[in-house]
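Each chain gets a letter, A, B and so on, in the order its sequence line appears, and its residues count up from 1.
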4 protein chains.
Amino acid sequence: MKKKMNTQDAIVEAAFTLIAQHGLKGTSLSMIASEVGISKPAIYYYFPSKEELVDYLFHIVFDDHNFSEFFSINEYTKENFKKRLITDGIRYFEEYKHNSPALKVVHEFVLSAAQKPRYEKKLKSIMEQFLEGFEALLSYGVELGVISSKNTKVNAHSLALIIDNLGNFMILGIEMDYKKIWETAVSHVMKGSERF
Amino acid sequence: MKKKMNTQDAIVEAAFTLIAQHGLKGTSLSMIASEVGISKPAIYYYFPSKEELVDYLFHIVFDDHNFSEFFSINEYTKENFKKRLITDGIRYFEEYKHNSPALKVVHEFVLSAAQKPRYEKKLKSIMEQFLEGFEALLSYGVELGVISSKNTKVNAHSLALIIDNLGNFMILGIEMDYKKIWETAVSHVMKGSERF
Amino acid sequence: MKKKMNTQDAIVEAAFTLIAQHGLKGTSLSMIASEVGISKPAIYYYFPSKEELVDYLFHIVFDDHNFSEFFSINEYTKENFKKRLITDGIRYFEEYKHNSPALKVVHEFVLSAAQKPRYEKKLKSIMEQFLEGFEALLSYGVELGVISSKNTKVNAHSLALIIDNLGNFMILGIEMDYKKIWETAVSHVMKGSERF
Amino acid sequence: MKKKMNTQDAIVEAAFTLIAQHGLKGTSLSMIASEVGISKPAIYYYFPSKEELVDYLFHIVFDDHNFSEFFSINEYTKENFKKRLITDGIRYFEEYKHNSPALKVVHEFVLSAAQKPRYEKKLKSIMEQFLEGFEALLSYGVELGVISSKNTKVNAHSLALIIDNLGNFMILGIEMDYKKIWETAVSHVMKGSERF
DNA sequence: AATGAATGAGAATTCATTCAT
DNA sequence: TATGAATGAATTCTCATTCAT
């Protein structure tokens, strides 16, 4: 399957793996080159600089890591809403369990965002997109009459905060009843749950 | 008060500020030395290596950043429980607003934990302590009769996940109704909130 | 006319322009290739190495930049000698004003001559040719009876030194009364000027 | 004599020698370091970058290479003016014969001036200073009554052009009657020489 | 007639660290 | 309690060149 990757893909993959292991600054072009089995300058044939290689990874990661990738709003119905929201969420953070390098790399980007204004903007917008995804989903739930109409925004953000951090805690290997936590969080936003 | 800091403290403080700005790997001893106004080798008089300096910072950060620093369980009463939990929580993540270097450094450590097993363990235990803090607090609430007796652990973890991530989102400057989200989360764990 | 230059000429022209701008060592084959719009190895189809390309430029430059190109001895007469010498000289250094890349490249070669014995010889012979050109011209003037018969060689060299350096100063953009200086120099070698 | 130079001076000297031989771009820090017998980073202890090292050389060269270094106007009298001007001039370009690296480095700077605006300005001002030096000297000669009062500026510039280029031709090793040329040039500007 | 892919050598620079003083 | 001087190893990146196609 992996048989004969082209060099560019091999560079990208090696970069992912190594950055996941050693961090953005901790990964040098030498490391990548020797992982791929090519010479250092060969990388420059595909990417004009380390920065641009990292940018490329950034886009790959976040293009795969958006809300709609995990929660397809159009498949939600009145009947399946709660169940679907629960299972989609579980699917989302379960990915962390498999410890895909991409997810650790996301972490690296979050970190470096604090230092690189360019990333900060992009990352912020991705996060906001994520929040808006939940808002839209809950709004749709309100339309369907299955979601409490009060505080949609606050509820959406709460769900986003929880599910995002569940992944973070998972990476650290902290034991929690992830599914139960998520189920509870979802239940709180379902109709009949509001009392305040 | 700050007048004549001793060199060691000056090094530590400079290291904090710089790591917050440039990251762990992005901060060199040169930078620290010139920030403090001493020579590079002077740092070696106080710390045998960069690694040990970082270790020292690590301990400082996490000794100040523990649960009981923000939530003093013994001041909670049946009457003030909810209010207190809300205000203590707000106080916790409000600190992020002031953007204290220490908090950005925590982030750096979280990140580097993925790469340094030594940190990983320590960090994990700190996180778990944080979770246990919430568990203990909620258990005390159950005793006092103000907290739902069901799913104490799940509720405690939910609170921890939310409050921790509220800080993360704040660092990125994402606009949310932070207080409302926290109030809602607290309300969900108060007695009378349980229905499922 | 220039419409469809062949690749070789395009390489040469690009090389000229770029060397004039960035110097001999500051101009890489990559730069030339991308200026021409071809691939780097394509240059190797026309020139076996950078060195040989530079050699080629060297010859082009100095074949165009010889004495007789500017001073056609056979058009000088007793009557027009002074005037002609003045106007030909002006024409010579005025070319510097137009800042032709070729002239900056000459400079580069002069410089690199100090480092490359191969160029040194060639350059020296070109300079000597230039000096001999003036000697021949003045000798002819002596024959015609318009030029002081004393010190012909010294006078010729003086003229050569002045006219050559006028160009150098022009490149630097130093303001001088170039024409007056040249006129005065020419006058000094005309008959009747000698007194010592 | 050379016994125990300090490292900085050794770096500067090595840089001079090597730049004279291989040019500005052709001289690497590695070369300098190994010539001095130190490690590459040691150079960075003394100079923050190659550029600043070159700047330093630039200043050294031109501080030693100014008009008043060679022509001390206050030692010129009515009686010794011509003789003095001739001998000072000879002393000036004779220095080229000894082929001091500094002079070849000047050449390098002249060349690179075309590419580096920062150098261009500096170099231009040095050249202009040189021209003004001759103007001032000739003006003084006019005051003393030994120099033709006509065209002082043009005469000064002519002398400057000749003496400067005599050095250039000397570097190339072109044979000329340098002294005679200079003597003739000086004679032309002395009183009694004017006729036009 | 030209290119895509790759490389070895070497450039400038930075870093953590050492050691005599 | 510090520093001046120095270093080995590493970093990103560029360059002239090669070669199969």
* Structure fact -> Walking DNA chain F from its 5' end, the first of Tyr45(B) and Ser39(D) to be reached, judged by nearest nucleotide, is Tyr45(B)
* **d(CG, Asn6(A); C1', dG4(E)) in whole Å** => 13 Å
* So, is Thr7(D) near the phosphate of dA5(F), with a side-chain N or O under 4.0 Å from OP1 or OP2? -> no
* Asked: Where do Glu35(D) and Ala14(D) come nearest, in terms of heavy atoms and distance?
  -> CG-CB, 3.5 Å
* Are any non-hydrogen side-chain atoms of Tyr45(B) and Gln8(B) less than 4.5 angstrom apart? -> no
* Asked: To the nearest angstrom, how far is Gln8(A) atom CD from dA5(E) atom P?
  -> 9 Å
* Asked: When you check every protein heavy atom under 4.0 Å of nucleotides 14-21 of chain E, what one-letter string (B, S, -) results, 5' to 3'?
  -> BBBBBB--
* To do: Just do the side-chain contact (heavy atoms from CB on, under 4.5 Å) check on Phe62(A) and Val106(A) with the steps written out, would you?
  => CA-CA 8 Å; Phe62(A) 287 113; Val106(A) 173; 3.9 Å; yes
* Asked: In the structure shown, which nucleotide is the Watson-Crick or G-U wobble counterpart of dT21(E), with both distances under 3.5 Å?
  -> dA2(F)
* Structure fact -> From CD1 of Ile43(A) across to P of dT14(F) the rounded distance in Å is 13 Å
* Pairwise side-chain contact, Val36(B) with Ile43(B), heavy-atom cut-off 4.5 Å (strictly under) -> no
* Given that both distances must come in under 3.5 Å, which nucleotide forms a Watson-Crick or G-U wobble pair with dA1(E)? -> none
* Any side-chain heavy-atom pair of Phe47(A) and Val12(A) under 4.5 Å -> yes
* **Nucleotide dA1(E), atom P - distance to CD1 of Ile11(C) in whole Å** => 12 Å
* **Side chain of Tyr46(A) - closest among dA5(E), dT3(F), dA6(F)** => dA5(E)
* Of the non-hydrogen atoms in Thr27(D) and His22(D), which two are nearest, and what is the gap between them? -> OG1-CB, 3.9 Å
* Under a 3.5 Å limit for both distances, which nucleotide forms a Watson-Crick or G-U wobble pair with dC13(F), could you say? => dG10(E)
